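Reading through the structure tokens given below for one structure.
When a residue number appears, it is its place in the shown sequence, counting from 1. Being a predicted model, the structure only gives us computed values, none of them experimental.
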Amino acid sequence: MSSKTLRYAVAAVTVGTFVVTLSPSISAAPLAAERQPVQCAAAGESTVTRLPACVSAAVSLDRLPAVGESATVNVTLNANTQVDGARFTVRLPKTLRLETGGTGLSAPRTVGQEQVAEQTLALTTKGRSVSLRVTALSAGPAQIQADVAGTDEKHAAHASTEFTVGATAGASRPGVGGPSAPAVSSGQTKAPTNGKAAPVAATPAASSAAAAAQICATGSFALTDKAGTWLAGRNIPVYLQGKTTANGATQTFTSGLTGYQDGKYSLCFTPTVTTVSSLWVSFSTAGTLWQVTDLAGTSAYTTYTAAKSNVANGTTVAFGSIAPPTQHMRGWHAFDTLNLLWFARASSTGCWTSRQSSNCTKISLRWQPGSTEGARFNNSVAKTQRYVLLGDADPDSEHLVLHESGHAFMDQLYDGWWPASDCPSPHYLHARTGVSCAWTEGFANAIAGYVKGDGRFYWADGGTIDLMTTTWFNPAYAAGRTNVENGDQVECRVAGSLIDLWRKVDGGPSATFASMIRYQSSTFSHWFKTVRPAVGLSVTTSTRNLVYTHTIDYRS
């Protein structure tokens, strides 16, 4: 979603002595037309991937607990319509003990590095609140999240609060620090283990075979997805760092990338001394082709191993497997997701498109815990400074990350040019919009559905729509994710058409990308009818009939 067509209005709630930014305040609007969905947000408060909600959520604490102390968590859920069978979920780190007795929530279960409690409930316009007790078990950053999701995409909301647990009474504070904030080490699994923010506690190095004049380091990087499944951390910048003397300056001895298949690395360098005083490995989300930073765009996320001391020449140090801290895991997951787009880009150069062969323009994602600034692509700044904004839970959906990154990719294909926006607000995948809106949003959704290989779009809350639906719209019912409107003004129909063309006619999307570098199009119609034949792509009767199965009629 382009920032030229989207703004967010947010509410702030005071929690203890600090302010937590929460989901927008929602007001109801009448049905505009028989085939239009309920307008549940004011103009300018929606995006195709972060839809306006008819429900809202808020999380607050009555105090900031230190280790051994307890606090009451209040979760408030509001709705402007009846929502039956909504899924209510509370997520928090293992460093907090959650008490769910008498609340209706299930006992917490472990999901990756977090614990999750769930409940199915009904929401009414009267709203409801849930109170829980948490006890802090160890010091460090903590995030408490609440999600509610109904069967309709408008019936979903996410809210969270972030704070850092202090070791002693009165030492807790709001926020979880920046991208290099210390991670919680106690209570975490060892393999993969949590990263530490500074290699302060050096341990003796283990010796093994290495070239006589070299020191080598081996290990791997891992991260988790929404379900807590461990994934290899792929193409992540890795740096071998240390000090040659105890009081010397920190040096970066060599660098590289983790492996695409397994997340492993092996780095070697020739030191200038016979024994290096301390040695560690750091990992960063500041890549040369894409990056993930905080919302200000100033700091990438960094994870460190513990340091090894007195490392002699001829030694290979095994640092084992390491993972980022829990509170930053989503940012690392977003970084990893960009690998999928990178290997689908079809460029003959080492950049995102063949427009560049060096000094590549990065795709930049901005995210941080608790963010409500997403999801959207900001194309209102200079083209080399454009970026994607992601909300707190947005990286849980790889489709969503690919959608917004697909906008950034289109921006590079078109060299910063964009058609004039005609996206209504709100707008939906399943409903008619402007023809340019359907083209730009449909392309981004096609990127997500094609690269993921499932032809679908998933929201962060797990809701989904089939981009490949060929069922015609039934005007007897309201438009929705299972009753999609017809024609090339509908994002879903454009996305499905593109995916089918790439799968069944063009042998992949590379020819589409090449055509976009040569010719600009403001609509899917122009691209199909004018650009495709100009670059030698099929517009035969069978190809037009294929597009017609997606209710787009270019047969005549």
Side-chain angles (χ1 to χ4, degrees), residues 93 112-114 141 178-185 188-201 203 205-206 215-242 252-269 279-294 299-308 316-343 362-363 365 367-369 395-396 398 401:
Q113 299 182 76
E114 296 179 310
S180 294
V184 179
S185 57
Q188 302 293 342
T189 56
K190 183 174 179 61
T193 183
N194 234 9
K196 295 179 174 60
V200 292
T203 58
I215 292 175
C216 297
T218 62
S220 62
F221 194 88
L223 50 94
T224 64
D225 61 11
K226 175 183 179 180
T229 303
W230 285 106
L231 308 171
R234 304 168 293 178
N235 281 334
I236 291 173
V238 53
Y239 302 89
L240 187 54
Q241 299 176 306
T252 297
F253 300 117
T254 188
S255 62
L257 296 174
T258 59
Y260 178 73
Q261 296 294 334
D262 53 16
K264 294 182 179 180
Y265 63 90
S266 179
L267 300 175
C268 297
F269 74 103
L279 191 72
W280 63 86
V281 178
S282 67
F283 307 84
S284 173
T285 59
T288 58
L289 293 162
W290 66 91
Q291 64 182 9
V292 177
T293 69
D294 59 6
S299 299
Y301 292 85
T302 306
T303 296
Y304 297 86
T305 67
K308 303 291 185 180
T316 295
V317 183
F319 283 95
S321 183
I322 192 169
T326 304
Q327 76 273 13
H328 296 154
M329 188 67 77
R330 282 173 169 146
W332 288 89
H333 185 200
F335 182 92
D336 181 72
T337 298
L338 263 294
N339 280 288
L340 302 178
L341 180 57
W342 172 249
F343 285 100
K362 294 182 183 181
I363 290 182
L365 311 182
W367 170 92
Q368 66 189 45
D396 286 349
E398 294 182 355
V401 173

message = Checking Trp367 against Tyr301 for the side chain to side chain contact (heavy atoms under 4.5 Å, CB included) test, could you report, in this order, the C-alpha distance in whole Å, the side-chain angles of both residues, the deciding distance, and whether it holds?
response = CA-CA 10 Å; Trp367 170 92; Tyr301 292 85; 3.5 Å; yes
task = Show your reasoning for whether side chain to side chain contact (heavy atoms under 4.5 Å, CB included) applies to Leu365 and Trp290.
result = CA-CA 8 Å; Leu365 311 182; Trp290 66 91; 6.0 Å; no
query = Would His333 and Val292 satisfy side chain to side chain contact (heavy atoms under 4.5 Å, CB included), going step by step from the backbone distance to the final call?
reply = CA-CA 10 Å; His333 185 200; Val292 177; over 6 Å; no
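At a threshold of 4.5 Å between non-hydrogen side-chain atoms, the residues Pro237 and Leu257 count as touching. Under the 4.5 Å side-chain criterion, counting only non-hydrogen atoms from C-beta, Thr293 is not in contact with Pro179. Here the side chains of Leu289 and Asn235 are not in contact, with every heavy-atom distance at 4.5 Å or above. Taking 4.5 Å as the limit, every side-chain heavy atom of Thr218 sits out of range of all side-chain heavy atoms of Lys264.
A distance of 9.5 Å separates CD of Gln113 from CG of Leu223, quoted to the nearest 0.5 Å. Between the OG1 atom of Thr305 and the CZ atom of Phe221 there is a distance of 11.0 Å, given to the nearest 0.5 Å. Interatomic distance, CZ of Phe269 versus CG of Leu279, reported as 5.5 Å (0.5 Å rounding). To the nearest 0.5 Å, the span separating OG on Ser266 from CG on Leu240 amounts to 10.0 Å. With rounding to the nearest 0.5 Å, the separation of CH2 in Trp332 from OG1 in Thr337 is 13.5 Å. To the nearest 0.5 Å, atom OG of residue Ser220 and atom CZ of residue Phe283 are 8.0 Å apart.
Nearest heavy-atom pair across Arg234 and Phe335 is O-CE2, 4.2 Å. Closest approach of Tyr239 and Ser255 over heavy atoms only: CD2-CB, 3.4 Å. Shortest non-hydrogen contact noted between Pro369 and His328 is CG-CD2, 4.0 Å. Nearest heavy-atom pair, Trp280 versus Ala306, reported as atom, atom and distance to 0.1 Å: CB-O, 4.0 Å. Between Ser321 and Ala222, the shortest heavy-atom distance links the atoms OG-CB, 4.2 Å. Here the shortest heavy-atom pairing between Gln291 and Ala286 reads CB-CA, 4.0 Å.
At least one donor-acceptor pair closer than 3.5 Å links the side chain of Thr258 to the backbone N or O of Ile236.
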